[in-house]
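Below is one structure, written out as structure tokens; the observations come after it.
All chains are named by letter (A, B, ...) in the order of the sequence lines, taking the proteins before the strands, and each is independently numbered beginning at 1.
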Protein chains: 2
Amino acid sequence: MTTIKDVAKRAGVSTAVVSAVISGARGNVRMSEATRLRVEHAIRDTGYRVNHAAQSLRLSRSGVIAAVVPKIANPVFELAIRGMHAAAEEHGDVLLLADALWIEPGSHLMSRIVGTGMVDGVLLRSTQWGNETAEELTKRSIPYVILQNPRPDDSVSVWIDDAAGIGLAATHLLGLGHRRIALVGGPLVQIASSARLDGYRSALRAAGVRFDRSLIKQVGYEPPDLATATRELLGSARPPSALIVDNIVAASGAIAAILDLGLRIPDDLSIVVYQDLPAADTMRPAPSTVRMPVQQAGMRAYTTLRRMIDGRRVKSALVTRPAPKLIDRGSTAPYAG
Amino acid sequence: MTTIKDVAKRAGVSTAVVSAVISGARGNVRMSEATRLRVEHAIRDTGYRVNHAAQSLRLSRSGVIAAVVPKIANPVFELAIRGMHAAAEEHGDVLLLADALWIEPGSHLMSRIVGTGMVDGVLLRSTQWGNETAEELTKRSIPYVILQNPRPDDSVSVWIDDAAGIGLAATHLLGLGHRRIALVGGPLVQIASSARLDGYRSALRAAGVRFDRSLIKQVGYEPPDLATATRELLGSARPPSALIVDNIVAASGAIAAILDLGLRIPDDLSIVVYQDLPAADTMRPAPSTVRMPVQQAGMRAYTTLRRMIDGRRVKSALVTRPAPKLIDRGSTAPYAG
DNA sequence: TCGCAACGTCCTTGATCGTGGTCATGCCGC
DNA sequence: GCGGCATGACCACGATCAAGGACGTTGCGA
């Protein structure tokens with residue numbers, strides 16, 4: 001392996017000068033232009049790369065950020081990850097992705113990345129082991145940002161406006177004349193779901209429609225669970241004429257249930273799906289969706305974490321831009337009575 | 001941060017003893033049972049964790065493996081990643097996941113993980129920048145394993161039997177009496193696609209059916225491309241009665257095209273999709289699929305790479321167990337024409 | 001039985017990995 | 001002789017390991 005010494009020898013200078021060239025002369029080391037060029041030439045010739053271990057050891061920072069999401073293959077999280085990655089790349093950090101399943105308490109990965117200095121901070125979008133992980137991080141005083149509605153404690157969060165998103169879906173359907181609008185899916189945990197429910201209720205209230213608790217099914221994100229919940233809703237005495245599905249990853253379950261009952265979309269039932277994906281275009285029926293600034297939230301979460309690591313003060317933040325947008329793919333129709 | 005020195009001081013021994021306790025006395029240092037217990041106690045009391053940077057620097061190995069896949073959110077790759085992760089976790093390694101998009105030549109991530117000693121090796125399942133990356137790795141003599149059909153060069157590969165998988169799909173349809181079976185999707189690059197094509201042709205040959213080039217559409221993995229190809233096939237003068245779709249992630253494109261044409265599955269057209277996923281159960285229509293040992297291939301790729309890193313001799317390997325299996329979800333019917 | 005060397009056990013010391021920052025030194029012009 | 005600039009020697013970062021030291025035990029010959 002070529003080290004900084006090899007480069008120094010080749011350029012005929014000391015290692016301090018090479019170090020200064022690499023870092024853009026951040027110390028008090030000055031050098032002539034000629035020297036700098038000679039060093040840069042030597043770096044190119046030898047293909048020298050800074051040794052990551054030595055650098056982290058010396059600086060006590062690794063330039064690696066861990067990102068923990070509940071499920072890596074979830075395309076909505078992929079958007080968030082893409083945002084985090086873009087921001088990290090720009091700053092020069094590397095993202096260490098982990099599925100929440102991998103970091104269950106006591107897992108090897110958890111103990112390898114926490115407390116060993118392997119990562120400078122953690123981006124946490126995890127429902128599963130979120131609390132245990134957050135506690136562990138706090139105990140070891142490792143900076144972290146939670147990608148989710150803020151929790152009661154004083155940890156830092158970055159989140160998107162679920163209330164506004166669900167509210168937009170409801171408003172769209174109300175505008176088409178629907179009055180019995182069901183809401184199916186969504187998290188089982190209390191905090192986040194209440195935001196979604198709030199958005200739904202506010203939209204109804206604004207339209208002067210009475211809230212009916214029986215039209216709400218918060219059953220989590222597993223397609224089979226959504227299928228069951230959807231069947232129950234549609235099989236009830238007074239079925240809804242429209243459906244808001246939270247969210248797009250599990251929507252296949254709801255859609256399957258609808259088609260299995262012989263109902264047509266949007267003729268017999270209008271549906272709007274919360275969260276948008278490029279893949280929605282090739283789903284059949286193609287669902288109208290609400291597009292949220294997920295990628296932007298990922299970027300914001302990273303920049304917030306970066307500021308924390310740099311010792312600057314940060315606040316939790318709600319990401320509202322671009323504003324939620326309804327993407328119409330024709331899965332909704334005016335209420336036909 | 002607590003270091004090995006703190007632990008040593010607390011236990012009243014030198015750092016070398018602590019190091020020996022941690023590593024299970026791999027060096028030439030012996031100690032009494034009492035001393036070992038005292039040290040272990042001190043480690044527990046202080047919550048000490050080995051500093052990753054210092055350890056990597058000293059041992060010149062990081063215990064981190066990079067895994068590069070074309071698209072992280074691809075659920076088939078997720079299976080492979082899960083296999084890699086399980087195997088890595090068992091050995092004590094950490095996986096650094098990267099989307100191929102992130103490592104385009106000259107990207108920051110690429111230069112950070114290659115040549116800096118940040119990772120001990122790379123698992124490469126990448127079509128996009130695969131060649132450039134492989135070259136770079138070879139140049140820097142970083143061990144890597146390619147998760148794909150072997151290439152002409154002498155790099156190490158681990159792959160699954162695409163020929164057998166596609167062959168199984170074809171055989172199933174042939175057994176139902178179909179004679180005009182189309183094959184749509186699949187990679188655009190030559191090497192892998194020929195294996196798939198071989199499987200298809202062998203199955204036809206075994207059944208005494210003539211190969212018809214016009215029934216093959218190798219158009220890559222984008223759903224819209226599959227939709228177009230499927231429309232062309234079904235709109236031709238002599239349309240197929242059955243369709244093999246490669247693969248499940250892009251299958252939505254083909255299925256959308258079929259439904260858009262007003263055709264019913266399996267009444268008007270039988271389809272089998274290559275590669276299986278849990279999510280296939282909630283797709284509508286639910287496709288019959290061919291399940292491949294993808295996760296096992298991921299594990300095998302990791303263990304192979306691990307052996308390379310440890311300096312042992314390895315060979316490319318075809319993962320055949322469990323054997324490809326056809327999962328019947330009712331999307332195929334006997335030939336009625 | 002005693003003395004001394006040889007040996008074994010348990011542990012410590014010090015060098016080392018590659019970087020980065022501090023500080024001292026040398027040199028130049030004035 | 002002095003200020004300022006360019007440069008290089010040196011040490012710390014934390015963990016590991018080879019070398020070796022302290023101490024006790026054993027073996028063996030006198």
Side-chain angles (χ1 to χ4, degrees), chain A residues 1-40 42-43 46-64 92 112 115-120 140, chain B residues 1-40 42-43 46-64 92 112 115-120 140:
Chain A
M1 198 188 51
T2 65
T3 74
I4 201 171
K5 272 186 198 159
D6 303 323
V7 177
K9 194 178 295 176
R10 192 185 183 99
V13 298
S14 76
T15 60
V17 176
V18 179
S19 177
V21 170
I22 294 164
S23 63
R26 97 194 109 206
N28 57 359
V29 173
R30 315 281 160 82
M31 79 211 75
S32 63
E33 182 67 8
T35 305
R36 200 175 57 71
L37 285 174
R38 229 170 46 246
V39 171
E40 281 175 354
I43 290 176
T46 54
Y48 166 75
R49 291 278 166 75
V50 175
N51 181 292
H52 178 251
Q55 193 175 48
S56 328
L57 177 61
R58 188 66 180 81
L59 301 179
S60 350
R61 58 163 191 73
S62 65
V64 179
R112 275 302 291 277
T116 65
M118 184 183 260
V119 300
D120 296 340
R140 302 214 168 247
Chain B
M1 197 188 50
T2 65
T3 73
I4 202 170
K5 271 186 197 159
D6 302 324
V7 176
K9 195 178 294 176
R10 192 184 183 100
V13 296
S14 74
T15 60
V17 176
V18 179
S19 177
V21 169
I22 294 163
S23 65
R26 98 191 110 207
N28 58 357
V29 173
R30 313 281 161 80
M31 78 213 74
S32 65
E33 184 66 8
T35 304
R36 200 176 55 72
L37 285 173
R38 228 167 50 243
V39 171
E40 281 176 352
I43 291 175
T46 53
Y48 166 75
R49 290 279 167 75
V50 174
N51 181 293
H52 179 250
Q55 193 175 48
S56 326
L57 176 59
R58 184 59 232 246
L59 300 180
S60 353
R61 57 163 192 73
S62 66
V64 178
R112 274 300 292 276
T116 66
M118 186 184 259
V119 300
D120 295 339
R140 301 213 169 249

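V50(A) comes within 4.0 angstrom of sugar-phosphate atoms only, judged by non-hydrogen atoms across all strands, and of no base. Residue contacts shown for G12(A) are limited to sugar-phosphate atoms, with no base heavy atom under 4.0 Å away. Looking at heavy-atom distances under 4.0 Å, R49(A) makes contact with sugar-phosphate atoms alone, never a base.
Which of dG18(C), dC11(C), dA15(D) sits closest to the side chain of V17(B) comes down to dC11(C). The side chain of I4(B) lies closest to dA15(D), out of dC11(C), dG8(D), dA15(D).
Nearest-nucleotide mapping onto DNA chain D: of L57(B) and A16(B), the residue sitting toward the 5' end is L57(B). Residues T3(A) and T15(B) both approach DNA chain C. Their nearest nucleotides, taken by heavy-atom distance, put T15(B) toward the 5′ side.
When the P atom of dC17(C) is taken as reference, atom CE of M1(A) falls 10 Å away, rounded to whole Å. Atom NZ of K9(B) and atom C1' of dA15(D) are 16 Å apart (whole Å). Whole-Å rounding puts the R36(A) CZ to dA6(D) P distance at 13 Å. When rounded to the nearest whole Å, the span between CZ of R61(A) and P of dC13(D) equals 17 Å. Atom-to-atom, CG of D6(B) to P of dA15(D) comes out at 9 Å; the value is rounded to the nearest Å. Taking atom CE of M31(B) as the reference point, atom C1' of dT9(C) lies 12 Å away to the nearest angstrom. Summarising the geometry, the separation between CG on N51(B) and P on dC17(C) is reported as 18 Å, rounded to the nearest angstrom. As rounded to whole Å, 12 Å separates atom C1' of dA15(D) from atom NE2 of H52(B).
One distance of note links CE of M118(B) with CG of N51(A); it measures 10.5 Å at 0.5 Å rounding. The line from OG1 of T15(B) to NZ of K9(B) is 11.5 Å long, rounded to the nearest 0.5 Å.
Using a 4.5 Å heavy-atom cutoff, the side chains of V64(A) and H52(A) are in contact. Residues R38(B) and T35(B) are in side-chain contact: their nearest non-hydrogen atoms beyond the backbone lie under 4.5 Å apart.
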Run the side-chain contact (heavy atoms from CB on, under 4.5 Å) test on T2(B) and V7(B) for me, step by step, so that the C-alpha distance in whole Å, both residues' side-chain angles and the decisive distance to 0.1 Å come before the verdict. CA-CA 8 Å; T2(B) 65; V7(B) 176; 5.6 Å; no
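At the phosphate of dC17(D), neither OP1 nor OP2 sits under 4.0 Å from any side-chain N or O atom of S19(B). Taking only side-chain nitrogens and oxygens, T35(B) never comes nearer than 4.0 Å to OP1 or OP2 of dC10(C). At least one side-chain nitrogen or oxygen of Q55(A) sits closer than 4.0 Å to the OP1 or OP2 atom of dG20(C).
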